[in-house]
Amino acid sequence: NANSAIVSAISHYEVLERVPSSGWKAALLRVHATSHPLSLEQSVTIAEADAAWAKALAMRLYNDYGVPWDVMMFMDSENREKLLMLLKTRAEAAPAFARPTPLFVLHAKHGLGSRLLALASAMAFSDLHGMQLIVIWEQDASLHASFQDLFDTSNISFVLTPRFKTSYPVVKNSHKWDVAWKNFAQIFSVISGDDLEAARVKPLLKEPLAAENSGHIYWKSNALLSAQNGVSWEQLQKQLQSLSLSEQVQRAVERKLTSVKNLNVRGFPAFGAHLRTLTNVTEHTEIEYRNEFGSQMLRALNEVRARTVPDEFIAFLRASLTRGMQALVFSDDFKVKSRMCAALQDKAVCTSSDLDGICLQSVRSAECSVDAMSDLTLLARTETLVGSRNSSFTMAAALLQKKSKLLFPNGSNGIPW
């Protein structure tokens, strides 16, 4: 009777024939279904089905591949599916009884240039060591643009998540609530207060990978990987240049090319110049610099940028431009760029944008970050870059050049390798 009640609650039948029991024969009931129970798909809402699928993907990634819940908490189903397929493909191609594919989780921090340096490093390092890359790209006060605002994600070989559970820096003893973190080396880099000197002399990742864990790495970074980790400048270039620009950035590049002034008949300028001048005091932003960098690092960073003198930069650039040569000029401060263009006159190639005035007040906004990415793209088309040693933006432009050639007004030239 209990079973009949359950069945009748989800199905309806019409009795066609009753055969009573007789002796050892059981009673028979011949019925015809007048309605059918709903399928599982019909029984739940689309939102419930999507949530169940997302959870199933996360459980599979956690149980089989050791991906921490923290990393997946804000990752959408599309990226979870992609990550699972990438890891399955790697596992199927690996020898029998091989350990699971090691994971490289990059937590990219701070502004556009800083994140691109860290991204190129993570892409190159993970490729070199056969690791699967996961990129945490948060839209925060330092950069309001999403990864998709800047790049086409259709053919990238890594997955993205827009947020991360833990604070900055990572919460200590995180393995107490997620045992998966026990298998991760948690490594952090700091911004250099003296023109990336720390990134040049101090290895930011241990090599070889720590033997006491499964080889997974969580790297919170805003800087280049040290050359001591076996990654060459050429490998960094290859990885960053493999990314395709978003349609938004491509349109911004096209608009700037049509706005170019003073371009001579020789074609695209041989020189590209970028001057970094803004400090936490002069930049209009909601970034809590003291919390992000700490008092000591912030003081060192501001001292370096305060030593940047536009007149000295302009004089160096003018001396570097021989007869008939021109420089494509950019700066993080629109007023400084205008000053450089006026001082260099026909030696300067200057673009204009409807966002110039807006970005002076909100340089970290999504639209201004797209605009900045178009600046990087144009700078990378030049043969020689003249930049600020304290600028990750200048260094990112050098990575995007086909053949990097970088000059600094203080006489220290070249890439940090």
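All heavy atoms count here, side chains included; hydrogens, waters and symmetry mates do not. Values in this document were obtained by computation on a predicted structure and should not be read as measured data.
- Looking only at side-chain heavy atoms (C-beta outward), Leu133 and Phe125 stay at 4.5 Å or farther from each other.
- The heavy-atom pair separating Phe271 from Thr382 by the smallest distance is O-CG2, 3.5 Å.
- Atoms OG1 and CG, from Thr377 and Leu245 in turn, are 4.5 Å apart once rounded to the nearest 0.5 Å.
- No side-chain N or O of Glu367 forms a donor-acceptor pair with one of His144 less than 3.5 Å apart.
- In this structure, the side chain of Lys337 engages the main chain of Thr351 through a donor-acceptor pair within 3.5 Å.
- Relative ring orientation between Tyr218 and Trp181 is described as perpendicular, the plane-to-plane angle rising above 60° on a 0-90° scale split at 30° and 60°.
- The residues Glu383 and Lys403 are annotated as not salt-bridged, no charged nitrogen and carboxylate oxygen being separated by less than 4.0 angstrom.
- Residues Leu83 and Gln132 are in side-chain contact: their nearest non-hydrogen atoms beyond the backbone lie under 4.5 Å apart.
- When side chains are defined from C-beta on, Met123 counts as touching Ser242, because their heavy atoms get closer than 4.5 Å.
- In Ile46, the CD1 atom is not crowded: 12 or fewer heavy atoms of neighbouring residues, nucleotides or ligands sit closer than 6.0 Å.
- If you take CD on Glu48 and CG on Asp50, they are separated by 10.0 Å, rounding to the nearest 0.5 Å.
- Counting heavy atoms from C-beta on, the side chains of Met72 and Leu57 never come closer than 4.5 Å.
- Closest approach of Ala270 and Met325 over heavy atoms only: CB-CE, 3.9 Å.
- Partner of Leu84 under the side-chain contact (heavy atoms from CB on, under 4.5 Å) criterion, out of Arg80, Glu81, Lys88: Lys88 alone.
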What side-chain donor-acceptor pairs closer than 3.5 Å can you find for residues 154-162, not counting sequence neighbours?
from: Ser154; atom 1: OG; to: Asp152; atom 2: OD1; distance (Å): 3.0
from: Ser154; atom 1: OG; to: Asp152; atom 2: OD2; distance (Å): 3.1
from: Thr161; atom 1: OG1; to: Met75; atom 2: N; distance (Å): 3.4
from: Thr161; atom 1: OG1; to: Arg163; atom 2: O; distance (Å): 3.4

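- With respect to the salt-bridge test (charged N to carboxylate O, under 4.0 angstrom), the residues Asp140 and Arg115 qualify.
- Expressed to the nearest 0.5 Å, how far CD of Glu138 lies from CZ of Phe74 amounts to 9.0 Å.
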I would like to know whether Leu117 and Asn222 meet side chain to side chain contact (heavy atoms under 4.5 Å, CB included); could you show each step before the answer?
CA-CA 7 Å; Leu117 296 184; Asn222 56 7; over 6 Å; no
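- Note that CD of Gln250 and OG of Ser374 are 11.5 Å apart. Values are rounded to the nearest 0.5 Å.
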Gln326 and Phe268: side chain to side chain contact (heavy atoms under 4.5 Å, CB included), yes or no, with the steps?
CA-CA 9 Å; Gln326 292 182 305; Phe268 208 80; over 6 Å; no
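- Looking at every heavy atom in both residues, Ala120 comes nearest to Leu240 through CB-CB, 4.1 Å.
- When the options Gln239, Glu234, Gln235 are evaluated for a side-chain contact (heavy atoms from CB on, under 4.5 Å) with Gln237, the one that passes is Glu234.
- Under the 4.5 Å side-chain criterion, counting only non-hydrogen atoms from C-beta, Val105 is not in contact with His216.
- The minimum heavy-atom distance between Gly66 and Ala180, with the atom names listed, is O-CB, 3.9 Å.
- Note: Ser331 OG to His274 NE2 = 6.0 Å, rounded to the nearest 0.5 Å.
- Here Thr153 contributes atom OG1 and Asn79 contributes atom CG; the two are 7.5 Å apart, rounded to the nearest 0.5 Å.
- Looking only at side-chain heavy atoms (C-beta outward), Asp76 and Lys82 stay at 4.5 Å or farther from each other.
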Give the C-alpha distance, both sets of side-chain angles, the deciding distance and a yes or no for side chain to side chain contact (heavy atoms under 4.5 Å, CB included) between Leu150 and Leu112.
CA-CA 10 Å; Leu150 306 172; Leu112 177 59; 3.6 Å; yes
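- Residues Phe104 and Asp127 form no side-chain contact, since every pair of their non-hydrogen atoms from C-beta on lies 4.5 Å or further apart.
- Asp149 and Ala366 get closest at one heavy-atom pair: OD2-CB, 4.1 Å.
- Contact between Ala122 and Trp219 at its shortest, heavy atoms only, is N-CZ3, 4.2 Å.
- No donor-acceptor pair under 3.5 Å is formed between the side chain of Trp137 and the backbone N or O of Gln148.
- For the residue pair Ser391/Ser388, the side-chain donor-acceptor check at 3.5 Å is not satisfied.
- Using a 4.5 Å heavy-atom threshold, the side chains of Leu378 and Leu328 count as touching.
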How far apart are the C-alpha atoms of Phe184 and Asp178, what are their side-chain angles, what is the distance that settles it, and do they pass the side chain to side chain contact (heavy atoms under 4.5 Å, CB included) test?
CA-CA 11 Å; Phe184 276 76; Asp178 189 346; over 6 Å; no
